[in-house]
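Taking it in order: structure first as structure tokens, then the write-up.
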Amino acid sequence: MEFLRRNTLFSKIFLVLFAISFAVMALSTLAATFASFSSYENEAESTLLAQTESCAKLLKGKSAAEIEESLQGYPLADLRVTLIQKDGTVLYDNWANASSMENHSQREEFIEAQKSGTASLMRRSETIGTDTLYAAVSLDDGMVLRLAETRTSMGSFLSGMTLQLGICLGIIICLSFALSRLLTRRITRPLKEVDLTNPLDNDVYEEMRPMLYRVDEQRRELKRQNAELERAVEARREFTGNVSHEMKTPLQVIGGYAELMEYGATKPEDNARFAALIRKEAAHMRGLIDDVLTLSRLDEQGDQSHDPIDLSGVCRSVISRLESTASERRISFSVNIEEGVVIYGAESLAQQLIYNLIDNAVRYNRDGGVVNIALRKAKDEAVFTVSDQGKGIPEEYRERIFERFYRVDASHSRETGGTGLGLAIVKHSVSSLGGSVTVGDAPGGGAKFTVTFPC
């Protein structure tokens, strides 16, 4: 019975079924008992009434004295015989002294017999103190012949069946227990056999289908999240390896030239050139570290600010910062910026992505080329475009250029000082601002980047 002490669906279903089956069996048994008793009483009533009528036929046409004499000799074992006059006076009773008996004119069986000729009923006899079945038949001159039989009451009948009822109750309990446990096992079996690995393949109750659909949906979502997590771990591992690889080259250059200078293996007139190379590689490392930290911050949570950003002002600020770098290679800017274009988000992200796109356009442009920059508002969007006149980006590489450390031309990227993380930062920044970025061919050659922001 340990399972009944646990708060389980099995125990609750079992208790409900046990209570129902026990109640049904017990009530059915009681109903059958009462029905049997009632049938037994009805049969006894019919028998007694027939016996009374038979006796009345034998007494028909006789005087009161003759009837009394006949009744004294009539074989009526275990039956009480009473002869009552029309006024209710008792003339004869084989169980009691007729002269001492009260008038029976108000007795129900007497009244009914005078009205309809016959009567039968069960009532408690105050004279002898028992439940008695009475049958009465009207005779000549209004006299009434009454036969009575002492009957077992319902209480006595049940008390006499105590042993039988106890055995029956025990059988009912055992049957209810066995039947309830069997039904409970059959009801709960589909629940116990549910395969959550393939929830929709289970043969279960229809009421469970919505839950299994939800489980299947969550299982697929969990698999998707696990796959994304594995990709993220792999990307992080690859990213770490790439960072280490990218740092080795400048560190080797710095270490090599520093060692030559330390041991005096360089000519004094070369020291300035070597120092410039060391400074250049150190600047490259500093830029790489800054980009790595920026990406790390974006990966963790991004910038959740939602402030208004004057995108027109940001574009002009970035252009002014890059004019000196562009002038070193005789690169000019063609600017078409619409004023008052405002988006919402973190201004630092907008600065970063616009700077990286324009800086790339300068880096990968041809000497003496032009960088075309445009900003306009179209309906509920702000559209920023920047294009150069360089070699452009072949179509087969355009989906991968936003990956970290991916370079179409690695040697040229290093020559220009690129870290390989600029476009990855652009992609993350644009995503954080709720926009999108695409790349295509610029008119006359080169690459064209288009960024769309919600205003």
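For residues 446-455, no pair satisfies side-chain hydrogen bond (donor to acceptor under 3.5 Å, both in side chains), with sequence neighbours left out.
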Please report the C-alpha distance between Val451 and Leu433 in whole Å, then the side-chain angles of each, then the deciding distance to 0.1 Å, and finally whether the side-chain contact (heavy atoms from CB on, under 4.5 Å) criterion is met. CA-CA 11 Å; Val451 184; Leu433 291 168; over 6 Å; no
Begin with the C-alpha distance, continue with both residues' side-chain angles, and end with the deciding distance and a verdict on side-chain contact (heavy atoms from CB on, under 4.5 Å) for Asn372 and Val386. CA-CA 6 Å; Asn372 294 287; Val386 56; over 6 Å; no
Can you check side-chain contact (heavy atoms from CB on, under 4.5 Å) on Val16 and Lys12, steps first, answer last? CA-CA 6 Å; Val16 171; Lys12 291 185 177 183; 5.7 Å; no
Take Leu147 and Leu49 through the side-chain contact (heavy atoms from CB on, under 4.5 Å) test and state the conclusion after the steps. CA-CA 8 Å; Leu147 269 61; Leu49 182 59; over 6 Å; no
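Closest approach of Ile309 and Tyr344 over heavy atoms only: CD1-C, 4.2 Å. Nearest heavy-atom pair, Ala148 versus Thr132, reported as atom, atom and distance to 0.1 Å: CB-CG2, 3.6 Å. Of all heavy-atom pairs spanning Thr52 and Ala135, the tightest one is OG1-CB, 3.4 Å. Taking both residues in full, the closest heavy atoms of Ala326 and Val362 are given as CA-CG1, 4.0 Å, listed atom of the first, atom of the second, then distance. Closest heavy-atom contact between Ala378 and Arg376: CB-NH1, 3.6 Å. For the pair Ser436 and Val430, the tightest heavy-atom approach, listed with the atom from each and the gap, is N-CG1, 3.2 Å.
A donor-acceptor pair under 3.5 Å is absent between the side-chain atoms of Arg80 and the main chain of Thr150, judged by distance alone. In this structure, the side chain of Ser39 does not engage the main chain of Ala35 through any donor-acceptor pair within 3.5 Å. Side-chain N or O atoms of Ser317 include none that pairs as donor or acceptor with a backbone N or O of Val314 at under 3.5 Å. At distances below 3.5 Å, at least one donor-acceptor pair connects side-chain atoms of Asn42 with backbone N or O atoms of Ser38. Side chain of Gln389 to backbone of Gly446: no donor-acceptor contact under 3.5 angstrom is found. Judged purely by atom type and a 3.5 angstrom limit, Asp441 has no side-chain atom pairing as donor or acceptor with the backbone of Ala447. Distance alone, capped at 3.5 Å, is enough to place a donor-acceptor pair between the Arg329 side chain and the Asn365 backbone. Within the 3.5 Å criterion, the main-chain N or O of Ala50 finds no donor-acceptor partner in the side chain of Ser54. When atom types are taken as modelled, the side chain of Ser312 and the backbone of Val341 share a donor-acceptor pair closer than 3.5 angstrom.
A heavy-atom distance below 4.5 Å is found between the side chains of Arg146 and Tyr134. Side-chain contact between Leu179 and Phe18: absent, with no pair of heavy atoms (C-beta onward) separated by less than 4.5 Å. At a threshold of 4.5 Å between non-hydrogen side-chain atoms, the residues Glu323 and Phe333 count as touching. Contact of the Gln51 side chain with the Leu79 side chain is registered, since non-hydrogen atoms from C-beta on lie closer than 4.5 Å. By the 4.5 Å heavy-atom criterion applied to side chains, Ile358 and Ile373 are counted as neighbours. Counting heavy atoms from C-beta outward, Phe453 and Val437 have side chains that stay 4.5 Å or more apart. The shortest side-chain heavy-atom distance between Cys455 and Lys377 falls under the 4.5 Å cut-off. Residues Ile331 and Val371 form a side-chain contact, since some pair of their non-hydrogen atoms from C-beta on lies under 4.5 Å apart.
Qualifying side chain to side chain contact (heavy atoms under 4.5 Å, CB included) partners for Ala44, counting only residues two or more places apart in sequence or in other chains: Leu133, Arg151. Taking Ser21 as the reference, Ser176, Ser180 meet the side chain to side chain contact (heavy atoms under 4.5 Å, CB included) condition, with sequence neighbours excluded. Shown here are the salt bridge (Lys or Arg N to Asp or Glu O under 4.0 Å) partners of Arg185, two or more places apart in sequence or in another chain: there are none. Remark: Glu328 pairs with no residue by the salt bridge (Lys or Arg N to Asp or Glu O under 4.0 Å) rule, at least two apart or across chains. Applying the salt bridge (Lys or Arg N to Asp or Glu O under 4.0 Å) test to Glu217 and every residue at least two apart in sequence or in another chain returns Arg214.
Around the CD atom of Glu108, the shell of radius 6.0 Å holds no more than 12 heavy atoms that belong to other residues, nucleotides or ligands. Within a 6.0 Å sphere centred on CZ of Arg321, other residues, nucleotides and ligands contribute more than 12 heavy atoms. Heavy atoms of other residues, nucleotides or ligands lying less than 6.0 angstrom from CD of Glu339 number more than 12. Other residues, nucleotides and ligands contribute over 12 non-hydrogen atoms within 6.0 Å of the CD atom of Gln225. Within a 6.0 Å radius of CG in Asp367, more than 12 heavy atoms belonging to other residues, nucleotides or ligands are found. Within a 6.0 Å radius of CZ in Arg186, no more than 12 heavy atoms belonging to other residues, nucleotides or ligands are found.
The only member of Val426, Thr438, Leu423, Thr385 that meets side chain to side chain contact (heavy atoms under 4.5 Å, CB included) when paired with Phe449 is Leu423.
Lys427 NZ to Ser432 OG: the interatomic distance, rounded to the nearest 0.5 Å, is 12.0 Å. Separation of atoms CG (Leu311) and CZ (Arg316) is listed at 11.5 Å; rounding is to 0.5 Å. If you take CD1 on Ile111 and CD on Glu109, they are separated by 8.5 Å, rounding to the nearest 0.5 Å.
Between Phe177 and Phe14, a ring centre-to-centre spacing shorter than 6.0 Å is recorded.
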